Participant: 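Mind looking over this structure? Questions follow.
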Protein chains: 2
Amino acid sequence: MKIALAQVNYLIGDFEGNRIKIVDCIRKARLQSVDLIVFSELSVCGYPPRDFLEFDDFILRSNRQIEIIAAECKDIAAIVGAPSVNEAPKGKPLFNSAYFLEAGKVKLIVHKTLLPNYDIFDEYRYFEPNRSFNIVDFKGVKIALTICEDLWNVSDNPLYILSPMEELVALKPDLMINISASPFNYNQLAERNEIMFRNTLRYKIPLVYVNHVGAQTELLFDGGSAVVDATGEVRLQCAFFEEDLKIVDMLQLETLPIVNSNDEKDKIALIHDALVMGIRDYFKKLNFQKAILGLSGGIDSAVTLALAAEALGKENVRPVLLPSRYSSDHSITDAIALAENIGCEYDQISIDKTFAAFEASLKPVFNNMPFGLAEENIQARTRAVLLMGMANKLGYILLNTSNKSEAAVGYGTLYGDMCGGISVLGDVYKTDVFLLAHYINRNQEIIPINSITKPPSAELRPNQKDSDSLPDYDLLDQILFLYIEQRKGPADIMKAGFDEAIVNRVLRMVNSNEWKRQQTPPILRVSYKAFGSGRRMPIVARYLL
Amino acid sequence: MKIALAQVNYLIGDFEGNRIKIVDCIRKARLQSVDLIVFSELSVCGYPPRDFLEFDDFILRSNRQIEIIAAECKDIAAIVGAPSVNEAPKGKPLFNSAYFLEAGKVKLIVHKTLLPNYDIFDEYRYFEPNRSFNIVDFKGVKIALTICEDLWNVSDNPLYILSPMEELVALKPDLMINISASPFNYNQLAERNEIMFRNTLRYKIPLVYVNHVGAQTELLFDGGSAVVDATGEVRLQCAFFEEDLKIVDMLQLETLPIVNSNDEKDKIALIHDALVMGIRDYFKKLNFQKAILGLSGGIDSAVTLALAAEALGKENVRPVLLPSRYSSDHSITDAIALAENIGCEYDQISIDKTFAAFEASLKPVFNNMPFGLAEENIQARTRAVLLMGMANKLGYILLNTSNKSEAAVGYGTLYGDMCGGISVLGDVYKTDVFLLAHYINRNQEIIPINSITKPPSAELRPNQKDSDSLPDYDLLDQILFLYIEQRKGPADIMKAGFDEAIVNRVLRMVNSNEWKRQQTPPILRVSYKAFGSGRRMPIVARYLL
C-alpha cells in the first residue's frame, strides 16, 4: 500500500484556498499510484478555527468543500480533517473529525477522543469527545485512525482517564494513522519523537503521522510528519517549517534507511527557523509585504530586523532610527552599521521636537514636577506615533521588538515600544536573544558586535542602564523560567537557590504587569509557555503582590 | 434550620482578605444562631482564578485558609468554595469543590460535575469533572449540594450528557444548595430565575442559591442570591450589585412573602448599575482612586464620565478636553457644560502644537502625500500620549471610552482612542449608549442634550461624520447583534431583511479588525457575547473577507 503524507500550510477559513491545495496534492499523489493520501487535523478549515466554529455558516462551508474533495477521490482514498456535526440530542454540537474519503464519497468519519484544553488549546470549548471506537478497513489493511492528542496520553500520570489506542488495539489494527496540528515549541520535536516511539513500541505496528505546517498568527507549526516502523525507528521524515509531500510504500518500509531522530537542531537554531516562518506567514496570509520597525542600536531591534529581512527580503524591511537627546552616539552608528550589513534602506527622524512639543503642552499640568517615568514613557510613545504614522501612510506593518524578559517584568512602555502588529521576540528571553544574535552572525557579522556586547539600555534618561531597574538578565531569566515555564511558587524558587528579596520582587513585577501584557500584540510562540492565549491570568488580583 | 446566605465580594488570590471576610460573616451568623452559612463558588481564592490554579503554591495557600475557616466552624457549619486536589492517578489535577465545614473540620468535599467551557468560561482547562454523587446529611436534613453550572443542564438540548440533580434525586434530598459564580449579563437575571424555577418545580424541594457579587476585571457578578420554595416561588432575595448577608429559617420559608421576580429592572438600568460596580471595583481592587479621560463633547466620553463620577466620586474624575483645529465649537462648550453639571475639575490642552510637530517630523518621509487616515490617527494618538502622560505623572488610570459598535467595525485608532486601563462602554452598542445617556439624565440634565442629539463625529478632519464611513447606527447595531451575539452567518442575516452589500461590508469590517480588538483594554461585560475572553477569534484568517 502506497501512502502519501501531505504536509500543507493552510489558512484558517479560506475554504477555497485550502481545498485547492488539498485537491492539488491528491492529483499529484494519484499520478504516482498512491492508494491513500493523508492530510493533517482540521485541514479543510485550518487550525485553530477558534470561535468561527460557533457559526453554522462556517460548518456548512466546510461540509461543501468535503463533498468537492470526496468527488476527487477516485482511484485514491484520502483522509482530511474537518469539524462534523454531533447529531446526538445531548452534548456539544460538533466533533473534531477525520473524514475517510473513498470512491467519491465519505466512507467513514472518525472523531477525536482526547480534546486538549490546556495552554493554547481550547478544544473542549467546541467539541464533544468521541466515545465509540472503530477500525477503518481499507484494501485489507486495518487502520487505527486517531487525531493528534489521542496518541499523547501515554505518561504514568495521564491527563485523561481514557486512552483511545487501548480501545482500538482490541480490534487488532495493522497500522496507526494520526493526523495532527501540533504546535511547535523548542522542546516539541523531542517530545513528539518520544510519543511516536512509545506508541509504536507499545502497539508493535507502524505509525503514519501527518502534522500541519505553517504559522497561524502566534502559533507555529513545524511539520515534521513522519512514518515510524513497528520497532520505533523513523523511516520517513518530512521537512520542517515548510510544505512537503512524501510517499511511502508500506510494504517496503523496513528497507528504507533509518532516520536518526537524535540528529536534531539545537534550541536556538529551531527558534530562529520558527520565527522566520512566523514572520513570513503573518505577512503573507494577511496580504502584507513590508515591515517597519524602530532601530535603537540595541540587540532586540537588531535581531528582529535580521529575522524580518530573512523572512521578507531586505527590500521589504524599513528600519527607522529615532534618536533623542538621550541617545548615545553608538546607538546611531550601531544601527546604521546593521542596516548597511543587511543592505536595507533606513530613515532617521529625531524625536526631540515632538518630545519638546509634548513637554510644552503638559507643562501647565505637570507643574514643575521633576523629570521621571512619565517623560520616559512620552519618548517611547512619541516613537510609536512616528512609526505608526509611517506604517499607516506608507503601507507597512510595525514589528514589535520587545523580548520575553522585559514583557515579563513590564520593562517597556505600553502604547510605546510595546506596539506592533506581531511580536517577534516576545517569547525569547533576553539571554536567548544574545544567543540568537550570535546564531545570526554564524557565517558573517550581520549584527554589529557592539550591539551584542554593550550593556542593554533603554536610553530614555541620561546614562540609563537596564541593570539600574532590573536584576542582571542571567539571574532574572532563571527566576522567570522557574515561575513562568515551570509554574514554581516563591518557596520552590528560593529553594532552588535564589535570594528571597529578588524572587519576591521579580514575581511581584510579573504579576503586577498583567494589564500591560494583555494589550500587547500576539507573540510568536516558541516556548511551551508563552505570553498570550496559552497563559491566562486575571488582571485584578492580589497573588504574590 | 437557619441558613445564612453570604453574598461577598472577593479579590482573586487575596487569601487573607477573603478569609477575613468569610470569618467575619461566620461570626455574625453565629450570633444569630444560624445553623449553616453558605458562601459562593471558589470563595476562598476568588473567581475566576484562571492559571493561578496551575501553581501548587496557590492551592497550598487556599488549603491553609480552609483550615483556619474550619476552625471557626463551631456551633455553626459552613459551605465554602475552593479548589481541591484530585488524588486519582488519572485525570486533571484539581476539582472545583464545595467544602462542608462542621465541628472545626472539613466534613465532606463535593465536586462540580458540569464544567462550563464556553464564552468566558475555561473550567475544563483546570478541573476534572465529578463522577460520584453523595448527599450531605446535616442535622437530619439531606442536602443535594451542587456548584453553579450543575443546575443549568435543564434544556431540551442539553450541552452535557449528564445531569447531577438527576443522580442526586435518587438519594431523596430534602433541600438543594447551589453555590455559584455566575457572571452578569443583561439577560442573566431572567435566565437564572428560570433555572431556579425549573429545578424546584422538577425536584419539588427548596433551593438555596448563593452567588458571587462584585467585579473581577471585565467580569461583573451581580449577586442576587435567593431562596426558592418547593413550588418555584422566590421567598428570599439578596441585594444586586452589592454585598449582602441574609438569614432564612427554612421551617418558616413558606410564611415569607413571595418576591415578585418579574419585578425586574429594564436592560439599560441593569447595564448602568453593572458598569458603575465594574468601574468601582476595578479601581478599588487595584488600589487606585482617580480616573482620567478625554472629553470630546460627544456622547461616549460623556456617558463614561458620568458613570465614573458615580462610581468614584466627582472629585476623583479628571476629564481633559483635547481640541484640535478640526474640533467644532460645540465640542468644547458641550464638554465644559458636562464637567460643570457633574461638578468636576477639567483641563484643556490643544493638540495643535504636538500634531504640527509630528507633521513637521514626518514631512520628509510623507513626501507631500495628501492628508488622510494616517494624519487622523496621529491626532488620536497625540491625545493618547497626553492623557497617558498625565496619568503616569499624576497618578490616574485612563478610562477607555470606545463603544461596542466602533470596537466591532474597527472605527477607532489603536494606541489612540482605543487606549485605557479598562473599557467602560466596549460592550454597549452605540444605540444603547444613547439610551444610557437618557437614563443618566432621568432626574436632571447631566449630559447636555446637544451631546445626545448631534450627529456623531470623530472630528479628525473638516466636517467629518461617523455616517461618512459607517451605516447608520440603528442599522449597523442590528447587523452586529445578529453576527456577534446571535452567531448568524451572512445568509441568515440577509434573510432577516438586510441588504447584501451592507451585510458583507459590516461582517468584513468586523473580521478584518480582530487585530485591533486583541490589543484593547479589558471590556466590562454586560452582554452575553462581549469582545474579550468570551469571544476568541483568529487574527490571521480569511473567513467572510
Side-chain angles (χ1 to χ4, degrees), chain A residues 11-14 50-52 54-57 89-92 117-118 124-125 157-159 161 216-217 282 285-286 347 349 353-354 357-358 361-362 365-366 369 373-374 377-378 381 384-386 388-390 392-393 415 419 487 489 491 515 519 521-522 535-543, chain B residues 11-14 50-52 54-57 89-92 117-118 124-125 157-159 161 216-217 282 285-286 347 349 353-354 357-358 361-362 365-366 369 373-374 377-378 381 384-386 388-390 392-393 415 419 421 487 489 491 519 521-522 535-543:
Chain A
L11 174 51
I12 293 165
D14 184 16
R50 303 200 194 274
D51 285 5
F52 285 146
E54 297 183 357
F55 289 80
D56 292 344
D57 174 81
K90 293 183 179 185
K92 295 181 193 266
N117 211 62
Y118 48 80
Y124 200 75
R125 183 173 170 91
N157 184 16
L159 190 59
I161 57 172
Q216 304 291 4
T217 316
Y282 181 83
K285 291 183 177 180
L286 286 175
D347 298 281
I349 302 174
K353 279 186 187 152
T354 43
F358 279 115
S361 294
L362 287 165
V365 285
F366 277 14
M369 290 167 79
L373 196 63
N377 284 334
I378 290 170
R381 291 187 181 120
V385 176
L386 290 164
M388 286 301 297
M390 288 179 71
N392 293 162
K393 196 76 178 179
Y415 320 130
C419 291
R487 303 307 220 198
W515 64 282
Q519 294 191 41
R535 188 175 179 280
R536 302 177 189 174
M537 293 294 179
I539 290 178
V540 176
R542 200 170 294 163
Y543 177 54
Chain B
L11 174 51
I12 293 165
D14 184 17
R50 302 201 195 273
D51 286 5
F52 285 145
E54 296 182 357
F55 288 80
D56 292 344
D57 175 82
K90 293 183 178 183
K92 294 180 195 268
N117 211 63
Y118 48 82
Y124 201 75
R125 182 173 171 90
N157 185 15
L159 191 58
I161 57 173
Q216 305 290 5
T217 315
Y282 181 82
K285 291 183 177 180
L286 286 176
D347 298 281
I349 303 174
K353 280 184 187 152
T354 42
F358 280 115
S361 293
L362 287 165
V365 286
F366 277 15
M369 290 167 79
L373 196 62
N377 284 335
I378 290 170
R381 291 186 180 122
V385 176
L386 290 164
M388 287 301 297
M390 289 180 69
N392 292 162
K393 195 77 179 176
Y415 320 129
C419 291
R487 304 306 221 197
Q519 294 192 40
R535 189 175 178 279
R536 302 177 188 174
M537 293 294 178
I539 290 178
V540 176
R542 199 170 294 163
Y543 176 55

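A note on names: the letters A, B, ... follow the listed sequences, proteins ahead of strands, and every chain is numbered from 1. Since the model is a prediction, treat every value here as computed from it, not as a measurement.
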Participant: If you tally heavy-atom pairs under 4.5 Å against chain A, which of B/Asn392, B/Ile12, B/Asp51, B/Asp57 wins?
Facilitator: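 Looking at each of B/Asn392, B/Ile12, B/Asp51, B/Asp57 in turn, B/Asp51 comes out on top.
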Participant: Against chain A, work out which of B/Leu362, B/Leu159, B/Ile539 has the most heavy-atom pairs shorter than 4.5 Å and name it.
Facilitator: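 Answer, by heavy-atom pair count under 4.5 Å with chain A: B/Leu159.
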Participant: Using non-hydrogen atoms only, which part of B/Leu386 is less than 4.5 Å away from chain A: side chain, backbone, both, or neither?
Facilitator: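 For B/Leu386, backbone and side chain are both near chain A.
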Participant: Among B/Lys90, B/Arg50, B/Arg125, B/Lys92, which has the most heavy-atom pairs under 4.5 Å with chain A?
Facilitator: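 With the most close heavy-atom pairs to chain A, the winner is B/Arg125.
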Participant: Which one, A/Trp515, A/Tyr124, A/Tyr415, leads in non-hydrogen pairs under 4.5 Å with chain B?
Facilitator: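 Most pairs with chain B among the choices: A/Tyr124.
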Participant: Is B/Pro158 in contact with chain A via its backbone, its side chain, both, or neither, using a 4.5 Å heavy-atom distance?
Facilitator: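 Both backbone and side chain.
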Participant: Of the non-hydrogen atoms in B/Ser361 and A/Thr354, which two are nearest, and what is the gap between them?
Facilitator: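 Between these two residues, the closest heavy atoms are OG-CG2, 3.7 Å.
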Participant: Looking at B/Phe358 versus A/Phe358, is the centre-to-centre ring distance below 6.0 Å?
Facilitator: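 For B/Phe358 and A/Phe358, the ring centres are under 6.0 Å apart.
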Participant: Among B/Arg535, B/Met390, B/Met388, which residue has the highest count of heavy-atom pairs closer than 4.5 Å to chain A?
Facilitator: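 Answer, by heavy-atom pair count under 4.5 Å with chain A: B/Met388.
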Participant: Against chain A, work out which of B/Ala374, B/Ala491, B/Pro522, B/Gly421 has the most heavy-atom pairs shorter than 4.5 Å and name it.
Facilitator: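 So the answer, after comparing B/Ala374, B/Ala491, B/Pro522, B/Gly421, is B/Ala374.
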Participant: Using the test ring pair (Phe, Tyr, Trp, His ring centres under 6.0 Å), find all partners of B/Phe52 that sit at least two apart in sequence or belong to another chain.
Facilitator: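 Residues passing ring pair (Phe, Tyr, Trp, His ring centres under 6.0 Å) with B/Phe52: A/Tyr543, B/Phe58.
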Participant: Could you look at A/Pro521 and say if it's the side chain, the backbone, both or neither that has a heavy atom under 4.5 Å from chain B?
Facilitator: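 Both the backbone and the side chain of A/Pro521 come within 4.5 Å of chain B.
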Participant: Which residues satisfy the side chain to side chain contact (heavy atoms under 4.5 Å, CB included) test with B/Lys353, sequence neighbours excluded?
Facilitator: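 With sequence neighbours excluded, B/Lys353 shows a side chain to side chain contact (heavy atoms under 4.5 Å, CB included) to no residue whatsoever.
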Participant: How long is the span from the NZ atom in A/Lys285 to the CZ atom in B/Arg542, to the nearest 0.5 Å?
Facilitator: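 With rounding to 0.5 Å, NZ (A/Lys285) is 9.5 Å from CZ (B/Arg542).
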Participant: Using heavy-atom distances under 4.5 Å, tell me whether B/Ile161 contacts chain A through its side chain, its backbone, both, or neither.
Facilitator: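 For B/Ile161, backbone and side chain are both near chain A.
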Participant: Heavy-atom cut-off 4.5 Å, strictly under: side chain, backbone, both or neither for B/Asn157 against chain A?
Facilitator: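 Both the backbone and the side chain of B/Asn157 come within 4.5 Å of chain A.
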Participant: Of all of A/Ala541, A/Ala384, A/Gly489, which one pairs up most often with chain B through heavy atoms under 4.5 Å apart?
Facilitator: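 Looking at each option in turn, the highest pair count goes to A/Ala541.
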Participant: Quick check: closest heavy atoms across A/Phe366 and B/Gly389, and the distance to 0.1 Å?
Facilitator: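 The answer is CZ-O, 3.4 Å.
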Participant: If you apply the rule side chain to side chain contact (heavy atoms under 4.5 Å, CB included), what do you find for B/Ile349 with A/Val365, and how did you get there?
Facilitator: CA-CA 9 Å; B/Ile349 303 174; A/Val365 285; 4.2 Å; yes
Participant: Just by distance, do the side chain of B/Thr217 and the backbone of A/Val540 share a donor-acceptor pair under 3.5 Å?
Facilitator: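 Such a contact is found between B/Thr217 side chain and A/Val540 backbone.
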Participant: When heavy-atom pairs shorter than 4.5 Å are enumerated against chain A, which of B/Lys393, B/Met369, B/Arg381 gives the highest number?
Facilitator: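 Ranked by contacts with chain A, first place is B/Lys393.
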